[in-house]
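Note: hydrogens, waters and symmetry copies are ignored here, and every other heavy atom, side chains too, is used. None of the values given here were measured: they were computed from a predicted structure. Quick note on labels: first sequence line is chain A, next is B, and so on, each numbered from 1.
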There are 2 protein chains.
Amino acid sequence: MAGYGQFCPVAKAMELLDERWTLLVVRELMLGSRHFNEIRRGVPRMSPTLLSTRLRALTRAGVVERWEDGHQVVYRLTPAGEELRPVVEALGAWGVRWVRELGDEDLDPHLLMWDIRRNVDLDALPGGRTVLQFTLHDVAPRARRWWLVASADGVDLCDADPGYAVTARLESDLRSLTLLWRGDLSWQDALRSGRLAVDGPSTVRRALPRWLTRSVFADVPRPA
Amino acid sequence: MAGYGQFCPVAKAMELLDERWTLLVVRELMLGSRHFNEIRRGVPRMSPTLLSTRLRALTRAGVVERWEDGHQVVYRLTPAGEELRPVVEALGAWGVRWVRELGDEDLDPHLLMWDIRRNVDLDALPGGRTVLQFTLHDVAPRARRWWLVASADGVDLCDADPGYAVTARLESDLRSLTLLWRGDLSWQDALRSGRLAVDGPSTVRRALPRWLTRSVFADVPRPA
DNA sequence: CAGTATCCATTTCGATACTG
DNA sequence: CAGTATCGAAATGGATACTG
């Protein structure tokens, strides 16, 4: 793709950043992904070839640094890449306010559960091990049931029963849980309307919203 | 172009905004352009067909409002579009810091003079009429000479001698004047190095930087 | 794990000319 | 002024399979 033929800094920035997928790859790196297949997990519809191309372009542009650690390959943002955070944040805040309609194609249980998993607030987690069982009743069998195993050591997400005693069960549908995650729906409204049901001890139920945190954009105020 | 298949607000925002030229059209509207051909002036390398397509997409997305006033057509940003300002500002600030190399293809005397024109600070302008004659000695004859006619009523830019008495003459080359405009080069350095010469009364010369303002990104601090 | 290789359908865009 | 019409070249990217 040719450039814009403009010296304007916005144009120069967009020559790099407006290429499809590019800023989503940057987002993944901001969220802490370091390895090729870890990044892929956040952009599953992107072909590996294309991810490879984009990582190379970002590296050439000085946004990403590729570095071989033993026989591992590690990607990370350079200072220039880190400084894209305000851009990504502004885009997300705008998107959550003004792009409200989600098509069915935008819903993805794997992405959703992965996002939920990586936003568990370990500091707010009750002591011991908490095991949440999620059921998304409108989703194909393979991706219908999930187990979130959280303890001070970390969080695991399983799509098969790991065998631990379940602390609480959440039932919802894919869209409702997605809306809750995005902050388009509050915990209160989700529960009151029956779009989400939580089955478990009331102490666990009450603690849930504190450590099962939502998207960083969830609290962006919505337009009246 | 298909969507990303993601509910992430950044992805949803980029489905609209990562299409080529889109954000530059938004930028033009932010800078005050209202009419089709006025917008085109800011994105001269964009074909009218494509501009038309983009304006329609932006209108559908609720970012732009199209409105017929008599037999004029007026475009303007909606509140949603206005809220893209932080995005554009973050991109520009990032771009001016981290995309420093300008190719010769990025230089354009028409865009540059147009930008300079629309950033004249009328409030800081001395009384009466000021006429600046610009000479870009490395530019093709057609775009080498410009006259900026500024008074309290407004600013005109001419590519042919309008016949007024010239208050001061500026001589430079296209790249130097562009760097000055972007803030990659200070007035001081430009003058000291001889990349810019100003010929005129010293009061006029000293007042120049106050009203002939540079890009809004010029004062963004550069990385060490 | 970390990618490449291949291949083609599709889209996208730019150029140019034209119109109410 | 405010766009449409048309057309072909280029590239973009998706799908799939494969490799060190």
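Heavy atoms of B:His35 sit under 4.0 angstrom from primed sugar atoms or phosphate atoms, though from no base atom. At a threshold of 4.0 angstrom between heavy atoms, the contacts of B:Thr49 include nucleobase atoms, whether or not backbone atoms are also involved. When heavy atoms are screened at a 4.0 angstrom cut-off, A:Arg40 is found touching no nucleic acid atom at all.
For C:dC13, neither phosphate oxygen OP1 nor OP2 lies less than 4.0 angstrom from any side-chain nitrogen or oxygen of B:Trp21. Contact annotation: A:Arg66 reaches the phosphate of C:dG3 (side-chain N/O to OP1 or OP2, under 4.0 Å). Taking only side-chain nitrogens and oxygens, B:Tyr4 never comes nearer than 4.0 Å to OP1 or OP2 of D:dG13.
A salt bridge links A:Glu28 and A:Arg118; the closest N-O separation between the charged side-chain nitrogens and carboxylate oxygens is under 4.0 Å. A salt bridge links B:Lys12 with B:Glu15: the closest approach of a Lys/Arg side-chain nitrogen to an acidic carboxylate oxygen falls below 4.0 angstrom.
Base-pairing analysis of DNA chain D finds the following stems of at least three consecutive Watson-Crick or G-U pairs, with both pairing distances under 3.5 Å: C:1-20 with D:1-20.
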Please set out all donor-acceptor pairs under 3.5 angstrom arising from side-chain atoms of residues 146-153 of chain A, sequence neighbours excluded.
unit_1	atom_1	unit_2	atom_2	d
A:Trp146	NE1	A:Ala143	O	2.7
A:Ser151	OG	A:Asp153	N	3.4

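With a 4.5 Å cut-off on side-chain heavy atoms, A:Leu51 and A:Ile39 count as touching.
Looking only at distances, no side-chain donor or acceptor of A:Asp69 sits under 3.5 Å from a matching main-chain atom of A:Val74. Within the 3.5 Å criterion, the main-chain N or O of A:Val120 finds no donor-acceptor partner in the side chain of A:Thr213.
What separates CZ of B:Arg56 from C1' of D:dG3 is a distance of 9 Å, to the nearest Å. The distance between atom CD of B:Glu68 and atom P of C:dG20, rounded to the nearest whole Å, is 17 Å. For the pair A:Asn37 CG and C:dG3 P, the interatomic distance rounds to 8 Å; values are reported in whole Å. Computed from coordinates, the A:Asp18 CG to D:dA11 P distance equals 16 Å when rounded to whole Å. Regarding B:Leu24, its CG atom lies at a distance of 12 Å from the P atom of C:dC13, rounded to whole Å. Atom-to-atom, CD1 of B:Ile39 to C1' of D:dG3 comes out at 12 Å; the value is rounded to the nearest Å. Counting to the nearest Å, the C1' atom of C:dA15 and the CZ atom of B:Arg45 are 13 Å from each other. Here C:dC13 presents its C1' atom at 11 Å from CD of B:Glu19, a figure rounded to the nearest Å.
Heavy-atom distances to DNA chain C give each of A:His71 and B:Met46 a nearest nucleotide, and the one nearer the 5′ end belongs to A:His71. Summary of the strand contacts: B:Glu38 and B:Ser47 both lie near DNA chain D, and taking for each the nucleotide with the nearest heavy atom, the more 5' one is attributed to B:Glu38.
Taking every side-chain heavy atom of A:Ser52 into account, C:dG3 is the closest of C:dA15, D:dG13, C:dG3. Across D:dG13, C:dG3, D:dG3, the shortest atom-to-atom separation from the side chain of A:Leu50 is found for D:dG13. Across C:dG14, C:dG3, D:dT16, the shortest atom-to-atom separation from the side chain of A:Phe36 is found for C:dG3. Nearest nucleotide to the A:Arg20 side chain, out of C:dC13, D:dG13, D:dG3: D:dG13. For A:Pro48, whose side chain is taken as the heavy atoms from C-beta onward, the closest listed nucleotide among C:dC1, D:dT16, C:dT16 is D:dT16. Closest contact between the side chain of A:Arg54 and the listed nucleotides C:dC13, D:dG13, C:dG3 involves D:dG13.
In this view, B:Trp211 satisfies the ring-ring contact (aromatic ring centres under 6.0 Å, His included) rule with no residue, not counting sequence neighbours.
Paired with B:Leu84 under the rule side-chain contact (heavy atoms from CB on, under 4.5 Å), one option of B:Leu58, B:Leu16, B:Leu77, B:Leu17 passes, and it is B:Leu17.
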